[in-house]
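Data first, discussion second: the structure below is written as C-alpha cells.
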Amino acid sequence: MRDDTLLNLDPRHPYGAAAPPLHQTSTFGFESWEAIDAAFDDRAGTPIYSRQLNPTVQLAESKLAALARAESARLFGSGMAAISAAILHCVGTGDHIITIKNVYGPAANFMASYLPQKTGVTTSFVAGDVGDFDGAWTDRTKLVYLESPSSAVFGLQDIEAISRLAHARGARVVVDNTWATPVFQKTLAMGADLEVHSASKYLCGHSDVVAGVVLGSKKDMDAIAVNEGELLGAKMAPFEAWLLLRSLRTLTARLDRHQANTARVVDFLDRHPGISLIRYPGLASYPQADLARRQMTGFTGLLAFRLATADLASVKRFFDALKIFNRAVSWGGHDSLVYAPAISYAKEHPPERFAEMGISVGDIRISVGLEDPEDLIDDLDQALSTLDH
Ligand SMILES: Cc1ncc(COP(=O)(O)O)c(C=O)c1O
C-alpha cells in the first residue's frame, strides 16, 4: 500500500467512529486474577499500564512503522528520548561510536559528555564521507550514528555505503531521519538498523507537540521497549499520540506544500544579491545534489542561507524586520520560523571560531511553513532591503 493511503486508512474503530478513540488512561482493569495474570503472560499484546502499552499510542506506532517500512516502532516523549534510547540500545560499557561533526547539538552532547562520564563509551566526530568513518574505526566501534541531511549545515552521508562498511565490521547504524521524514527517505531500506525522529517536527507538524520515535526490526524494538522504553520511561502520552495520528493524515499533503513553498522561496533567495550562500539539499547546484536525489524522493522546508554581510548589527536588523517568520527554535510546523545559529553558538564559542565550525554571523536558518509563498517572499524581500541602509 502506498504512503498516502496507509496514513489515512485505519482499522475499524468502535461504533464506526471516523477518528480513533483517545485512551486517556494510565491503567487498565481486569475482571479477575486469571485475566490480569494472563495479561502479564502476554505483556507485549495486552495493555496493563500506559508506560508499557496504550492502544492510542500503539496505533500511531503501527502507522509510523508501516510508513518507514519498519517491523516495529516505539514512540517517546521527545526526539532526544528516542535518540538516547536508540544509542543506549546499541552500545555497552567502553564501546566506541562514530558520528558526524555537525550532528544535532544535544545528541552531540549526549555522546561527547554524558556517555563517557557514565559509561566509558567514547565518540569520534568526523566530516561525513565514507572514508572518514573508515579512518576513525577502532576495534571498539559498535555504532555509527548518522543524521542525513543534518539540521545544522545540511550535510548528507551515503547511508547505503556507510551501512555496508559498518555491517561488515559488526557495528550497528542509526540514522536521524527528521529532516527528510519517512515519506521522502526510507533509511531502513538503505541498510540502517534503526531510524530515529524528532516527531516534534514534520510528523506532528503543527508546532504543538514534543515527541520522538525509534523504528526498526521487531527484535531490536522489543528490546528497546522493555529496556530503554519502560525503564527510562520516557513514553509518549496518549493525547500526544492522538494529535500525532491526526497530523499523520495530512503528512503527505503538508510535505507537498512545504516542498513547493520552499522551492519558490529558495528560487527567490538564489537570485537575490544580498545572499551569498544557500544550504538546501533540494537546490540543483547543491554540492551533494546527486546523493540527495539518490537517497531522497523529496525535500522539506528547513534551510539556511548566508547574508552577504558579517556586520552583526545589520544581521540583527534583518532578523528583527521579519513580520511573518516567527523568531523561534524548532522547525517542521505549519508556521514559518527563523533562527540565527550564531545566537546559540555565541553562548559556547567566541565568534573567531565560527569559521572553523562552518558557520558565519550572517547565517540564517528558516523553516518554510504552509503560508502563501508570495507573502513569505515579500517578507524576506522587505527584511533584506534593510541591509541596503
Ligand atoms: C535533527 C534533530 N534531531 C533531533 C531533535 C530532538 O528532538 P526533540 O526536540 O523532539 O527532543 C531535533 C530538535 O530540534 C532535531 O532538530
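Both counts, for ligands and for their atoms, begin at 1 and track the order of listing.
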Parallel, tilted or perpendicular: which describes the rings of H206 and H334, with under 30° parallel and over 60° perpendicular?
tilted
Answer yes if the side chains of N227 and H89 hold a donor-acceptor pair under 3.5 Å, and no otherwise.
no
Can a side-chain donor-acceptor contact be found between S150 and N102 if the only test is distance below 3.5 angstrom?
no
Using a 4.0 Å cut-off to any heavy atom of S200, which atoms of ligand 1 qualify?
8 (P), 10 (O)
Looking only at heavy atoms of K201, does any of them come nearer than 4.0 Å to an atom of ligand 1?
yes
Pick one of side chain, backbone, both or neither for how E147 approaches ligand 1, counting any non-hydrogen atom pair under 4.0 Å.
side chain
Between ligand 1 and A211, can you find any atom pair, the residue atom being a heavy atom, that is separated by under 4.0 Å?
yes
For S78, atoms of ligand 1 separated by under 4.0 Å from a heavy atom:
10 (O), 11 (O)
min-distance protein heavy atom vs atom 6 (C) of ligand 1 -> Y104 CE2, 3.4 Å
Nearest neighbour of atom 1 (C) of ligand 1 from the list S151, A234, G212, G77, on a heavy-atom basis:
S151
Subset of ligand 1 atoms that lie under 4.0 Å from at least one heavy atom of M80
6 (C), 7 (O), 8 (P), 11 (O)
Partner set under side chain to side chain donor-acceptor pair (under 3.5 Å) for D379, not counting sequence neighbours:
Q382
Ligand 1 versus I83: contacting region, heavy-atom distance under 4.0 Å:
side chain
Relative to the heavy atoms of D176, which atoms of ligand 1 are at a distance of less than 4.0 Å?
1 (C), 2 (C), 3 (N), 4 (C)
Would you call the rings of W179 and F299 parallel, tilted or perpendicular, taking 30° and 60° as the class edges?
tilted
Compute whether any side-chain donor of one residue and acceptor of the other, for T178 and D176, lie under 3.5 angstrom apart.
yes
Which of the atoms of ligand 1 are close to G79, meaning less than 4.0 Å from one of its heavy atoms?
7 (O), 8 (P), 10 (O), 11 (O)
Residues H96, T141; criterion side-chain hydrogen bond (donor to acceptor under 3.5 Å, both in side chains); working and verdict:
CA-CA 4 Å; H96 175 248; T141 306; 2.7 Å; yes
Side-chain ion pair, R164 and D158, N-O less than 4.0 Å
no
Any nitrogen or oxygen of V210, side chain or backbone, less than 3.5 Å from one on ligand 1?
no
Suppose the criterion is salt bridge (Lys or Arg N to Asp or Glu O under 4.0 Å): which pairs have a residue in residues 73-92, not counting sequence neighbours?
none
W331, portion touching ligand 1 at heavy-atom distance under 4.0 Å:
side chain
